[in-house]
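Here is the structure we will look at, set down as structure tokens.
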Amino acid sequence: MDFRFNMIVEYAPFFLKGVLWTIGLSLVGIFFGTILGLAIGLGKMVQSRLVRLPFDWYVHFFRGTPLFVQILLIHFGVMPIFTAQPNPLVSGAISLSLNAAAYIAEIFRAGIQSIDRGQMEAARSLGMTHVQAMRYIILPQAIKRMIPPLGNEFIVLIKDSSLAAIIAAPELMYWGRAMQGQYYRVWEPYLTVALIYLVLTLSLSKLLHRLERRYDA
């Protein structure tokens, strides 16, 4: 196989730019997804079925439809309502955040419900309000258990950010497709992109493993 390294060297600055945007999109997605996911996760634990209903359907929609379709809907359907020329990076970040929130909501719900109910009752018997008990007793313990699934969600986001290439967000996959379109080659662009994603996800996995061991110590 004739593997042309000179093409990779030529596109190296673009791949570097794409890596930075890929990491940026993933960080934005996990940050806002975590904030929104916490609110939705708490909403799903409300006793009232009527109050819980919109939170349930939010999770059903974003977990039950492809992220690919969600990106297209947000970029070509929702964003034009607010601006005449939607920015692909903004649309990609919003799509990833909304999608991640649905999964993170379930992580929060499962983490909180995994804490023994007696601890909430003990905190309330000491005079704490429900909010204080959640903040000082339940959430600190639950967060330790949420670290592994939250880390997995971040890894998923890094890989899923490649779908933003479909709306021309200049992340890593976008430059792989640009290189393939310019030279009509397959192995050089896509193998390079795959290896970069592999390095990113393996590095993050190692960091998360260290973080888990630190909290377990």
Side-chain angles (χ1 to χ4, degrees), residues 11-44 53-109 149-182 186 189-190 192-201 203-204:
Y11 262 80
F14 300 113
F15 283 136
L16 177 60
K17 183 180 174 183
V19 167
L20 294 177
W21 278 120
T22 293
I23 294 173
L25 283 172
S26 305
L27 285 173
V28 170
I30 199 73
F31 178 75
F32 288 105
T34 299
I35 295 172
L36 189 56
L38 175 60
I40 296 169
L42 293 174
K44 278 177 65 66
L53 192 63
F55 299 104
D56 285 337
W57 273 105
Y58 180 95
V59 173
H60 288 323
F61 177 80
F62 281 97
R63 294 184 65 178
T65 57
L67 176 58
F68 182 83
V69 176
Q70 294 164 20
I71 290 173
L72 294 177
L73 280 174
I74 289 169
H75 185 65
F76 296 111
V78 177
M79 294 304 288
I81 298 173
F82 303 99
T83 175
Q85 293 184 327
N87 185 312
L89 286 168
V90 174
S91 298
I94 291 173
S95 304
L96 290 173
S97 300
L98 294 176
N99 182 270
Y103 289 90
I104 293 174
E106 290 296 285
I107 292 172
F108 272 113
R109 185 187 59 77
L150 281 174
N152 289 333
E153 180 60 29
F154 190 33
I155 291 172
V156 169
L157 271 181
I158 287 177
K159 293 185 289 184
D160 282 352
S161 66
S162 63
L163 294 173
I166 195 65
I167 55 173
E171 45 68 64
L172 185 55
M173 189 64 193
Y174 171 88
W175 291 111
R177 293 180 62 186
M179 185 177 174
Q180 191 269 335
Q182 180 177 349
V186 174
Y190 294 135
T192 303
V193 167
L195 286 174
I196 294 173
Y197 275 117
L198 186 62
V199 170
L200 288 176
T201 54
S203 301
L204 184 59

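Remember, predicted model here, so these are calculated numbers, not experimental data. Hydrogens, waters and symmetry mates are skipped; everything else that's a heavy atom, side chains included, is used.
Here the shortest heavy-atom pairing between P86 and T83 reads CA-CG2, 3.8 Å. Contact record, G176 with F15: N-CE2, 3.8 Å, taken as the closest heavy-atom pair. Among all heavy-atom pairs drawn from V59 and A105, the shortest one is CG2-CB, 4.3 Å. Counting all heavy atoms, side chain and backbone alike, E171 lies closest to A165 at OE2-CB, 3.2 Å. Listed here is the closest heavy atom pair of L98 and Y58: O-OH, 2.8 Å.
By the 6.0 Å contact criterion, CZ on F61 is enclosed, its count of non-hydrogen atoms from other residues, nucleotides or ligands being greater than 12.
To the nearest 0.5 angstrom, I155 atom CD1 is 10.0 Å from I30 atom CD1. Rounding to the nearest 0.5 Å places CG of L25 at 11.5 Å from CG of L163. Rounding to the nearest 0.5 Å gives a distance of 13.0 Å between CD1 of I40 and CZ of R109. Between the CZ atom in F31 and the CG atom in L36 there is a gap of 12.0 Å [rounded to 0.5 Å]. I71 contributes atom CD1, which lies 9.0 Å from atom CD1 of I166 (distance to the nearest 0.5 angstrom). Between atom OG of residue S162 and atom CG of residue L67 there is a gap of 9.0 Å, rounded to the nearest 0.5 Å.
Looking only at side-chain heavy atoms (C-beta outward), F55 and L42 stay at 4.5 Å or farther from each other. The side-chain heavy atoms of S97 and V28, taken from C-beta on, include a pair separated by under 4.5 Å. Side-chain atoms of F76 and I167, non-hydrogen and from C-beta on, do get closer than 4.5 Å to each other. The side-chain heavy atoms of V193 and M173, taken from C-beta on, include a pair separated by under 4.5 Å. Counting only heavy atoms from C-beta outward, the side chains of V69 and L73 approach each other to under 4.5 Å. Residues L200 and I23 are in side-chain contact: their nearest non-hydrogen atoms beyond the backbone lie under 4.5 Å apart. Contact check for P189 versus R177: no side-chain heavy atoms found under the 4.5 Å cut-off. For the pair F32 and L96, the minimum side-chain heavy-atom distance is 4.5 Å or more.
In this structure, the side chain of T22 engages the main chain of L172 through a donor-acceptor pair within 3.5 Å. Side-chain atoms of E153 do not come within 3.5 Å of backbone N or O of I104 as any donor-acceptor pair.
Aromatic ring centres of F14 and Y11: separated by under 6.0 Å.
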Q. Going through the distances and angles, do T65 and Q70 end up as a side chain to side chain contact (heavy atoms under 4.5 Å, CB included)?
A. CA-CA 7 Å; T65 57; Q70 294 164 20; 2.8 Å; yes

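In this pair, H60 and W57 present their aromatic rings perpendicular. The plane angle is above 60°, beyond the 30 to 60° band.
Comment: E106 engages K44 in a salt bridge, judged by a side-chain N to carboxylate O separation of less than 4.0 angstrom.
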